[in-house]
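Here the structure is laid out as structure tokens; the discussion comes afterwards.
Below, read A as the first sequence line, B as the second, and so on, with proteins coming before strands; counting in each chain starts at 1.
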Number of protein chains: 2
Amino acid sequence: MKKTKDLWPYLIMLAKLGALTKEIDISTSRFAREFSEGATISQQTASRKLNELEEQKWIIKRPSIKGQYIRITQSGEQELEKIRDLLADAFMIRDKIIDIQGELFTGMGEGGHYISLEKYYTQFVEKLAFKKVFAGTLNLKLKNRRDMEKRRLLQDKTTQGIRIDGFKDATRTYGPVTCFKATINNKIEGAVLVIQRTSWKEDVLEIISPHNLREQLGLKDGDLVSVRVFLE
Amino acid sequence: MKKTKDLWPYLIMLAKLGALTKEIDISTSRFAREFSEGATISQQTASRKLNELEEQKWIIKRPSIKGQYIRITQSGEQELEKIRDLLADAFMIRDKIIDIQGELFTGMGEGGHYISLEKYYTQFVEKLAFKKVFAGTLNLKLKNRRDMEKRRLLQDKTTQGIRIDGFKDATRTYGPVTCFKATINNKIEGAVLVIQRTSWKEDVLEIISPHNLREQLGLKDGDLVSVRVFLE
DNA sequence: ATTACTAGCATCCGAGTAG
DNA sequence: TCTACTCGGATGCTAGTAA
């Protein structure tokens with residue numbers, strides 16, 4: 001099997017030249033020049049690499065008058081997205097910041113119920129250094145794969161979050177919760193709730209805050225909300 | 001000169017393994033396995049690649065009990081940022097969306113003055129399909145290199161924007177302006193102004209809107225504001 | 001277990017060049 | 001001009017192995 005990773009730099013350069021959006025018209029020698037910075041590659045190598053990229057089905061090409069038209073295919077685009085996400089993940093871990101967007105919707109109110117339980121409430125206030133906790137959570141529906149991956153990353157990083165202990169009462173057990181400090185729409189402080197239990201919804205992000213977020217940010221269902229989550 | 005791009009995939013993989021944030025402890029054979037998916041590389045190749053990465057000064061390594069500690073250097077980090085930005089640019093062009101953040105500050109009021117000129121005002125209303133234009137611009141100060149690069153991209157993409165013609169009156173000439181539709185803090189519509197003239201401030205983004213943004217978004221100087229610019 | 005050397009084979013590169 | 005072939009030299013690869 002071919003070592004596909006060797007082709008990454010060439011694919012990236014084609015993307016930079018705009019081959020993601022449209023067919024670009026380029027000759028092998030010009031591509032060789034565009035690709036090179038400091039070190040150079042030859043026209044022949046450029047030609048061969050373009051053929052290999054086509055074999056991989058990451059690009060399609062057809063002859064033009066002064067070179068060839070090249071366009072990145074869907075599968076080439078997916079490969080680029082993979083690389084982009086790889087890098088984005090690495091930088092998120094470095095910066096300890098994850099930006100997630102979701103669409104506001106109205107949940108079934110369990111969130112608000114749990115917050116009101118004193119054993120949870122006092123922990124939220126103390127451990128998050130909130131003056132109070134507004135009675136109700138903000139539920140965001142994540143709309144794409146990428147945001148769900150970030151959501152999953154939070155689920156996996158619970159060691160870094162703020163731990164809210166579970167407890168028992170006469171009738172049932174209440175599990176532990178991990179919180180991450182966050183700012184909502186760049187502006188208002190809050191925290192993301194990550195519940196450790198076997199089933200959690202990968203496309204839902206639940207947020208609490210000392211403030212009435214819906215009111216203070218003028219939000220209504222269906223609005224897009226940005227959350228910047230701080231990993232520690 | 002060495003063909004540094006060949007090393008990109010290896011550097012990216014090390015970043016994915018966390019070597020941006022901390023020294024990671026990994027053996028050459030484990031790295032070979034982690035790196036491979038489908039196609040495989042040998043322990044020997046992994047060893048050599050790590051040495052080449054060190055020669056490039058993109059990583060530093062030192063022996064550990066069960067392998068070696070590896071950490072990406074500043075210059076390796078810069079290289080990764082370069083790749084990340086390359087990809088981000090390509091996807092921005094594809095999606096025709098640019099997200100920029102900046103800090104709100106109070107300008108000198110010229111913006112508001114120009115808007116009030118009837119020859120501009122009527123064009124804003126018609127071409128942007130705004131009901132009216134609020135008398136005053138929102139000035140954002142861009143805080144990092146990357147946002148400034150995006151700002152520059154707008155300046156270069158004026159062909160795709162909405163053109164507001166210039167005009168003359170008795171005393172002076174008023175130049176043309178290009179506008180891009182935008183949403184501010186995910187919520188309120190507006191437009192970014194790009195003024196074609198020899199001097200423009202690369203770290204300032206000027207925004208108009210039908211609405212009083214400061215009031216409706218509850219903004220004050222120093223607040224971080226997110227702008228999503230639509231290239232067409 | 002490691003890393004990383006050497007040897008020898010495989011692959012890749014670019015100059016030359018055909019079409 | 002262009003692409004892309006051949007071919008000899010350079011480089012890269014892995015197996016074997018030393019430390």
Sorted by chain and number, sequence neighbours left out, side chain to side chain donor-acceptor pair (under 3.5 Å) with A:Lys150 holds for none
So which pairs with a foot in residues 55-91 of chain A pass ring pair (Phe, Tyr, Trp, His ring centres under 6.0 Å), sequence neighbours left out? none
Once salt bridge (charged side-chain N to carboxylate O under 4.0 Å, His left out) is applied, do any residues pair with B:Asp85, and if so which ones, sequence neighbours excluded? B:Arg145, B:Arg146
Roughly, in whole Å, what's the span from CG in A:Leu53 to P in D:dT3? 15 Å
Residue A:Lys49, side-chain heavy atoms: nucleotide from C:dC13, D:dT3, C:dT3 that is nearest: C:dC13
Side-chain N,O (B:Arg48) to OP1/OP2 (D:dC13) below 4.0 Å: yes
Side-chain donor-acceptor pairs of residues 5-19 of chain B under 3.5 Å, sequence neighbours excluded:
| from | atom 1 | to | atom 2 | distance (Å) |
| --- | --- | --- | --- | --- |
| B:Lys5 | NZ | A:Phe35 | O | 2.9 |
| B:Trp8 | NE1 | B:Glu79 | OE2 | 2.9 |

Could you tell me how the ring of A:Tyr174 sits relative to the ring of A:Tyr114: parallel (under 30°), tilted (30 to 60°) or perpendicular (over 60°)? perpendicular
Applying a 4.0 Å non-hydrogen cut-off, can you work out what A:Ser29 is touching in the nucleic acid: base, sugar-phosphate, or nothing? sugar-phosphate
What is the distance, rounded to the nearest whole Å, between atom CG of B:Asn51 and atom P of C:dC5? 7 Å
Would you say a side-chain N or O of B:Thr28 is under 4.0 Å from OP1 or OP2 of C:dT3? yes
Sugar-phosphate, base or nothing in reach of A:Ile41, heavy atoms under 4.0 Å: sugar-phosphate
Looking at the side chain of B:Gln68, which of D:dT3, C:dA4, D:dG12 is the nearest nucleotide? C:dA4
Walking DNA chain D from its 5' end, the first of B:Asp6 and A:Lys61 to be reached, judged by nearest nucleotide, is A:Lys61
Under 4.0 Å, counting only non-hydrogen atoms across every strand here, what does B:Ser27 touch: a base, just sugar-phosphate, or nothing? sugar-phosphate
Pairs under 3.5 angstrom, nitrogen or oxygen only, protein versus nucleotides 15-19 of chain D, please.
| from | atom 1 | to | atom 2 | distance (Å) |
| --- | --- | --- | --- | --- |
| D:dA15 | N7 | B:Gln44 | NE2 | 2.6 |
| D:dG16 | O6 | B:Gln44 | NE2 | 3.2 |

Sequence neighbours left out, what passes salt bridge (charged side-chain N to carboxylate O under 4.0 Å, His left out) with A:Glu55? Give chain and number order. none
